[in-house]
Structure formats: C-alpha cells, structure tokens
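Note that the coordinates shown come from a computational prediction; the quantities given were computed from them, not determined experimentally.
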Amino acid sequence: MAAETAEFAGPARVSVRRPARVELRIGVGLISAVVLACLLIPIVNSTDPNALVAAPLQPPSGEHPFGTDSVGRDVFIRVFTAGRIDIALAGLGVLVPLVFGTVIGTMVGASRSRTVDAVAMRLTDGVIAFPFVILVLVIVLITGAGTRVWPLPAGGASILAAVWMVNWTIYARLARTRTRVLREEDFVAAARLLGFSHLRIVARHLLPLVWPTTATYAVADALFMVSLIAALPFLGAGIQPPTPEWGSIMYEGRGYLGDAWWISLSAVGVVLVLGIGVMLVVDSLASNIRRARLP
C-alpha cells in the first residue's frame with residue numbers, strides 16, 4: 001500500500017483546474033475552421049482540382065470564389081484540396097519525431113551514465129549543427145523528389161523521410177533537458193528508494209511530465225512543417241505537380257501577381273489564418289506550463 005501511495009503522489013497526479021484562455025478558444029476555432037474547410041469543401045464541391053473549368057486568369061466570382069489559375073483550373077477547390085495534403089504531411093512529420101525524440105530524450109536524461117549522455121547529445125548536436133532546411137533539401141534530392149509511396153503523393157515520402165531523420169533531435173534535446181530537472185525531484189528519489197525499476201520510473205513518473213513540454217513545441221513545429229512543405233517547390237523539390245499543394249499554388253502564381261494576384265494570395269491567406277490560430281494555441285499552452293511550474 002505504501003509503495004502504491006508513493007507512486008501516485010508525484011506532481012503528475014495533481015490536477016489543477018484553470019480558466020479557459022480566450023486566445024486558446026480563438027486559436028482552436030481558426031485551426032478548426034481551416035481543417036474543416038479542407039476536409040469538407042472537396043466533398044461538397046466535387047470539381048476535379050486539375051480540371052480546366054473556365055478561361056485562364058478569371059478573377060474571383062460567385063462561381064469561382066478564388067478565381068482561376070493560368071490554365072483555367074478552379075483555385076478555390078485547389079487551395080482546399082491542397083490543404084488536406086499539407087496538413088496531413090505536417091501532422092505525420094511532427095508526430096513521429098515527437099514520439100521518438102521524446103522517448104529517447106527522456107531515457108537519456110534519466111540515465112546517470114555520462115557516456116550515454118555524451119554520445120546521444122553529440123549525435124543530436126551533429127544533426128542540429130547543419131542548417132535544417134538545407135539538410136532536409138539534400139535528403140529529399142537524394143531520395144528522389146518524385147518518389148511515390150502509397151497513399152502519399154509523389155514527393156511526399158521523401159519529405160517525411162527527410163524530416164523524420166532530422167527533426168527528432170530537437171524533441172530529444174527538449175525532453176533530455178526537462179528530464180534532467182525532474183530526476184532530481186523528491187518523488188523520483190522516493191520511487192528509487194521503493195525499488196521501482198528505471199523503466200517504470202521513466203514510463204510512469206517522468207514521461208507524463210515531459211510530454212507537455214515537447215507537445216507544446218510540436219504544435220508550433222507543425223506550422224513550421226507547413227511552411228517548409230510550402231517552401232520546397234521554390235527550391236525545386238516538394239510535392240510534384242499537378243498535385244495541388246499550397247507551395248506549388250504560390251509558386252505557379254508568382255508570375256501573375258500583378259494581373260492575377262488571387263492565385264498566390266488565396267493560398268497565402270489560408271496559411272496565414274492557420275498560422276495565427278497555431279500561434280495563439282502555442283501561446284496559451286506555454287502560459288499554462290509556466291503557471292504550472294510556479295510554486
């Protein structure tokens with residue numbers, strides 16, 4: 001009984017009820033609006049995003065709310081179809097490094113072995129030392145920008161492989177830093193005195209307290225992933241045409257900004273709304289974590 005009481009007495013079991021923050025509600029609302037639009041609009045409007053539906057470079061109208069592009073495709077349906085791909089790739093690109101990096105970083109931070117810590121941190125330092133975008137771009141080009149793995153579009157698998165190989169290091173460092181602080185707390189020392197295994201202490205006591213830190217970063221990292229995917233077409237990589245993708249839509253419309261501004265700015269506007277929502281959520285989550293750490 002004493003052992004079980006000690007196990008559930010750590011800070012991870014304390015529940016503090018906090019008032020909902022306005023920015024969190026607004027942020028979740030903006031994100032939900034963009035995600036729902038990307039999910040539902042291609043279903044309600046069955047127009048093929050690659051179909052030539054009207055004359056090229058038609059301005060926004062009731063029939064085509066975002067106008068048409070340089071070959072006569074409906075920009076409205078292309079933007080929201082592209083959102084499905086970008087958001088899905090961003091989610092997958094963040095989820096795997098989040099889980100893998102958090103677990104590895106927590107295990108390393110909880111270890112008392114200087115050798116394990118030094119080897120793991122030098123490995124992460126070596127990856128982080130390279131400019132992230134350049135390293136991802138090199139990996140994408142090596143693996144092949146046109147590589148197709150079902151159900152991903154051409155180029156999607158290469159982007160995910162590159163991001164997974166690089167991005168876990170950030171989560172590992174965050175988790176390791178947080179764990180090195182937590183391992184000195186009294187509840188961890190009590191768990192060791194009670195004879196709990198190292199793996200049990202990591203899984204039951206440390207990981208639940210490390211996840212909020214890395215998960216908060218993951219929300220902001222998802223926005224960075226969207227920006228990275230959108231930037232790759234400008235560097236000669238990314239999702240291959242004619243698949244609609246926010247970056248490729250911006251890239252295709254760059255030469256018509258004076259005459260057909262709606263092509264690029266439609267995608268930019270949707271990404272901007274999504275970005276504002278994400279940053280509001282991140283700010284609210286970060287504030288909650290700071291308050292939770294106060295005595």
Do [X] and [Y] share a hydrophobic cluster, counting only Ile, Leu, Val, Met, Phe, Trp and Tyr and linking them when any side-chain heavy atoms are less than 4.5 Å apart?
| X | Y | answer |
| --- | --- | --- |
| Trp261 | Phe66 | yes |
| Val108 | Ile128 | no |
| Val202 | Leu194 | yes |
| Trp164 | Ile229 | yes |
| Phe130 | Val163 | yes |

Sidechain-backbone polar pair: [X] side chain, [Y] backbone, donor-acceptor under 3.5 Å:
| X | Y | result |
| --- | --- | --- |
| Arg84 | Leu39 | yes |
| Thr68 | Gln58 | yes |
| Ser266 | Ile263 | no |
| Arg183 | Gly109 | yes |
| Glu185 | Val188 | no |
| Arg73 | Asn50 | no |

Can you find a heavy atom in the side chain of [X] that is under 4.5 Å from one in the side chain of [Y]?
| X | Y | value |
| --- | --- | --- |
| Val79 | Pro244 | no |
| Met250 | Phe234 | yes |
| Ile26 | Val281 | no |
| Val116 | Ser111 | yes |
| Tyr171 | Val94 | yes |
| Asp117 | Arg176 | yes |
| Pro65 | Phe76 | yes |
| Ile77 | Pro42 | yes |

If I take atom [atom1] from residue [X] and atom [atom2] from residue [Y], how far apart are they, to the nearest 0.5 angstrom?
| X | Y | atom1 | atom2 | result |
| --- | --- | --- | --- | --- |
| Thr214 | Arg178 | OG1 | CZ | 10.5 Å |
| Leu285 | Leu280 | CG | CG | 11.0 Å |
| Ser264 | Trp246 | OG | CH2 | 14.5 Å |
| Leu30 | Ile276 | CG | CD1 | 7.0 Å |
| Ile43 | Leu40 | CD1 | CG | 5.5 Å |
| Ile249 | Asp69 | CD1 | CG | 8.5 Å |

Minimum-distance pair of heavy atoms, taken over all atoms of [X] and [Y]:
| X | Y | answer |
| --- | --- | --- |
| Gly238 | Gln240 | O-NE2, 2.8 Å |
| Phe80 | Ala37 | CE2-CB, 3.6 Å |
| Val34 | Ile87 | CG1-CD1, 4.4 Å |
| Pro56 | Ser70 | CB-O, 3.2 Å |
| Ala157 | Val149 | CB-CG2, 3.6 Å |
| Gly156 | Leu152 | C-CD1, 4.1 Å |

Could you go step by step and tell me if Leu232 and Glu245 meet the side chain to side chain contact (heavy atoms under 4.5 Å, CB included) rule?
CA-CA 11 Å; Leu232 288 176; Glu245 188 272 320; over 6 Å; no

I'd like to know whether Leu89 forms a side chain to side chain contact (heavy atoms under 4.5 Å, CB included) with Met225, so could you lay out the CA-CA distance, the side-chain angles of the two residues, the decisive distance to 0.1 Å, and finally the verdict.
CA-CA 8 Å; Leu89 287 177; Met225 276 293 303; 5.6 Å; no

Evaluate Ile239 against Ile159 for side chain to side chain contact (heavy atoms under 4.5 Å, CB included), listing each step before the verdict.
CA-CA 8 Å; Ile239 303 300; Ile159 295 173; 4.1 Å; yes

Under the salt bridge (charged side-chain N to carboxylate O under 4.0 Å, His left out) criterion, do Asp125 and Arg122 qualify, and how do the steps go?
CA-CA 5 Å; Asp125 289 343; Arg122 295 300 76 77; 2.7 Å; yes

Answer yes or no: does atom CE of Met165 have more than 12 heavy-atom neighbours from other residues, nucleotides or ligands under 6.0 Å?
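Atom CE in Met165 is not crowded, with 12 or fewer foreign heavy atoms closer than 6.0 Å.
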
More than 12 heavy atoms from other groups under 6.0 Å of CZ on Arg114:
no

Evaluate the side chain to side chain contact (heavy atoms under 4.5 Å, CB included) criterion for residues Thr102 and Leu207: first the C-alpha distance (whole Å), next the side-chain angles of each, then the deciding distance (0.1 Å), finally the verdict.
CA-CA 8 Å; Thr102 301; Leu207 270 176; 4.0 Å; yes

So if I apply the side chain to side chain contact (heavy atoms under 4.5 Å, CB included) rule between Asn167 and each of Val96, Leu98, Asp221, which one comes out positive?
Asp221

Run Glu184 and Arg112 through salt bridge (charged side-chain N to carboxylate O under 4.0 Å, His left out) and show every step you take.
CA-CA 11 Å; Glu184 305 301 331; Arg112 298 286 178 171; 3.3 Å; yes

Would you say the ring centroid of Phe100 lies under 6.0 angstrom from that of Trp168?
yes

Aromatic ring pairing Phe187/His205, orientation class (parallel under 30°, perpendicular over 60°, tilted between):
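Correct class here is tilted.
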
